[in-house]
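To start, the structure under review is shown below, and the notes come after it.
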There are 4 protein chains.
Amino acid sequence: MVVSKKRKHERKTQIITAAACVFSKNGFSNTVMADIALEAGIGKGTIYEYFKSKEDLFFAVFEWFSLKIEKTASMDVSKLSGTASERLMVLNDSLMSSWFETKDMFTLVMEFWSASSSSSLRERFKNAFHNLYKEYRYFVSSLLQYGIDHNEFRSDIKIESVAAALVGTWDAIFLQAWFDESFDPITTSKDFLEVLLKGLANHE
Amino acid sequence: MVVSKKRKHERKTQIITAAACVFSKNGFSNTVMADIALEAGIGKGTIYEYFKSKEDLFFAVFEWFSLKIEKTASMDVSKLSGTASERLMVLNDSLMSSWFETKDMFTLVMEFWSASSSSSLRERFKNAFHNLYKEYRYFVSSLLQYGIDHNEFRSDIKIESVAAALVGTWDAIFLQAWFDESFDPITTSKDFLEVLLKGLANHE
Amino acid sequence: MVVSKKRKHERKTQIITAAACVFSKNGFSNTVMADIALEAGIGKGTIYEYFKSKEDLFFAVFEWFSLKIEKTASMDVSKLSGTASERLMVLNDSLMSSWFETKDMFTLVMEFWSASSSSSLRERFKNAFHNLYKEYRYFVSSLLQYGIDHNEFRSDIKIESVAAALVGTWDAIFLQAWFDESFDPITTSKDFLEVLLKGLANHE
Amino acid sequence: MVVSKKRKHERKTQIITAAACVFSKNGFSNTVMADIALEAGIGKGTIYEYFKSKEDLFFAVFEWFSLKIEKTASMDVSKLSGTASERLMVLNDSLMSSWFETKDMFTLVMEFWSASSSSSLRERFKNAFHNLYKEYRYFVSSLLQYGIDHNEFRSDIKIESVAAALVGTWDAIFLQAWFDESFDPITTSKDFLEVLLKGLANHE
DNA sequence: CATGAATGAGGCTTCATTCAT
DNA sequence: GATGAATGAAGCCTCATTCAT
């Protein structure tokens, strides 16, 4: 029974992976369940043994994707040490490279955004994104606070705002990289962070 | 004849406006042509007198929207004066408030992003966005250069990178505002810009 | 008023000619009223001032076409003289060349056949064709009778059958010419008629 | 698996038969896919599991029909024996009666002709007909050659022309029978062939 | 468990026809 | 008379979902 459970979980992941691939290639609406089944190497009907509907599967892909990103990011972050600036730099590099690996999956993110604006999953997606961003902002906020506490950053900065904007910048840099092949997100983000850190620095 | 031309143009705009409304509410795929016709108060077939297909209409909405945003922004920007910092501040405020006005249309932007990742319009959208971002980045770059030229900003900043990131930040702030009702994009952007300007400042 | 009537008739012919052209190119169903109007150089709505419907126009084209064929054929036939065999030969040549001229309009004939098998005009077309064939058969029958009366043809031939078959052969030869560019209807029909005439000949 | 293949083939035939019925009744353009599904006793969508489009199905009907005619004819023809004249007579009877059986399907032939003149299937149909006629002409040519070789027919006849015309005559006789209920294709063709054979006969 | 044949609701699009100008 | 903008009925086709095997 435990084995069966495991089997089931594996099969589920197999479908999700296949779905992620097809969704990212064609978008949600242009994706056909048959294609997902084909990609997963299973029968069309089998998908419905594991997911109630196309939308359900899509949301499962979203959850799988968030987790994946988070895991990659947090893995590196655990190694954070040094000054707040150094930590931010490492975080920046970590995010950039981790997203870079899943670059071809960035279209998925856009699909998720789109799904949260229309689609009947709107609320589920909106909430999930809301929480995701909150988490990221909270994490960056902590780093900023750490900098203030250690007299590294000025104490008059608006932590929340800077955190929110910074988190957003990372997203947006990827967005532009998506639209422009020649755009280099790693350099851009590094250069930008340097300036920002100067602005944060405490010159008593 | 001139009258007829004008009529045609008016009718076209009428359809685009209606389409924008419905697309932003339901997304591209979930939008039904009949709904657009209903919203525009015309017959279904009439749309096809003005647009070759649903996708064509969607792209027309995109163009109309871009133009609209641009117009609103450029209007304020023309009044720019003062130091580079002041100008950036004004630009920030202008963008924030202009986008704020079309806040309920922000979902459209997400749809456009999504369309540029899947859909058969992929290339058209990608190109258009590419150019749009290029333009914005170029404009911000000019302001930064202006600051450097006037010894207001440090000369060692990477103009391109900062411009790109800043433009992105504005997008991203709106994205977060979309996911979080309580998120205040105006304050956030202002606070953030303040820090950034400190980072740019030249303290010889 | 008389002038007006004439105008009306001219306009009607203009439309019919244009319609014949478009129908023969695209077939009835694939023809769009707008194309006919374009070909005729008039407005779409104008057609309806002269013809009640698309089907009506189509039937008018049929009548115009029949008349045209008939006129061309009968013109030459009036010059018939000599033996019955000679007359049949002349008729054969006349038909072949007259149809040859309207070769690119042969597709129209196929459309007419098709229309008489389906379409709501079925009965009208069937009747018209019925009469057309009857007429042709009757004319050929007369020639055959003439040959018998002059002891040129055997008296035991079944006039009706031979006439019907011969009339059909002419049609069918054009049909094959339509399907096969390299098929030469003139030679074929001549060769064939020669054999047939030998079969008809009276060798007391 | 073999069973499944068989099932699929049966279902395909079932659809083709139903389609043939509806197409012959209403013509290609006036036929609605839903009617075919109804006639076949299946769902609308099922047709598309077996045929890519309406046009594809139509062509499949054509192929099915050609084969059917050919099969019926060739069955009788295999029994050919006796003089060339006798063989031609038998062939004539065989064709007449076999087509007679499918008389109510003759409208299909007209639709096929029409389809080869317009419609996007033009080329496919034209080619198919071209080959079909070629085959028939070739077969009749062989019979004529046989007659010449056995001194039964005159050696100066133009085999190709006579064969082409004769094949066409059979078609055309059916055409007239279609337009005229009182027209008897069997008698007509017999009477006509008798005359023709006299013309072919060798009276050294 | 897995499958894939069957389905029918639903969407995009076409186009003959009308009618106000 | 002539026009062409407007229309909505109707048709082809797609595809998520089901269910018998």
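Proteins get letters first, then strands, A, B, ... in listed order; numbering begins at 1 in each.
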Interatomic distance, L38(D) CG vs dG11(F) C1' [rounded to whole Å]: 16 Å

Please state whether the rings of F106(B) and W113(B) are parallel, tilted or perpendicular, taking 30° and 60° as the class boundaries. perpendicular

Paired stems touching DNA chain F, three or more consecutive Watson-Crick or G-U pairs with both distances under 3.5 Å? E:2-21 with F:2-21

Measuring from atom CD1 of I36(A) to atom CD1 of I15(A), what distance do you get when rounded to the nearest 0.5 angstrom? 9.0 Å

Using whole Å, what does the distance between atom P of nucleotide dT14(F) and atom CG of D35(A) come to? 13 Å

Does a side-chain heavy-atom distance below 4.5 Å link Y50(A) with I16(A)? no

Residue-level proximity of residues 11-22 of chain C to DNA chain F when a heavy atom falls under 4.0 Å: R11(C)

Could you list the residues that satisfy salt bridge (Lys or Arg N to Asp or Glu O under 4.0 Å) with R11(D), not counting sequence neighbours? none

Nearest whole Å is fine: how far is dG8(E) C1' from I42(D) CD1? 12 Å

How would you list, by chain and number, every residue that makes a ring-ring contact (aromatic ring centres under 6.0 Å, His included) with F125(D), sequence neighbours excluded? F58(D), F59(D), F62(D), F112(D)

Can you list, pair by pair, the side-chain donor-acceptor contacts under 3.5 Å of residues 27-35 of chain C, counting residues two or more places apart and other chains?
{"unit_1": "S29(C)", "atom_1": "OG", "unit_2": "S29(D)", "atom_2": "OG", "d": "2.8"}
{"unit_1": "N30(C)", "atom_1": "ND2", "unit_2": "N26(C)", "atom_2": "O", "d": "3.4"}
{"unit_1": "T31(C)", "atom_1": "OG1", "unit_2": "V22(C)", "atom_2": "O", "d": "3.4"}
{"unit_1": "T31(C)", "atom_1": "OG1", "unit_2": "G27(C)", "atom_2": "O", "d": "2.6"}

Between CD1 of I47(D) and P of dG11(F) the distance, given in whole Å, is 14 Å

Please report the distance, rounded to the nearest Å, between NZ in K8(D) and C1' in dA6(E). 11 Å

Can you tell if the side chain of E111(A) reaches within under 4.5 Å of the side chain of F23(A), non-hydrogen atoms only? no

Is the shortest side-chain N/O distance from Y50(B) to OP1 or OP2 of dA5(F) below 4.0 Å? no

Checking the side chain of T107(B) only, and the main-chain atoms of S24(B) only, is there a donor and an acceptor separated by less than 3.5 Å? yes

Rounded to whole Å, please give me the gap between CG in L57(D) and C1' in dC13(F). 13 Å

Under 4.0 Å protein heavy-atom contacts per nucleotide of nucleotides 15-21 of chain E, with B for base, S for backbone only and - for none: SSBB---

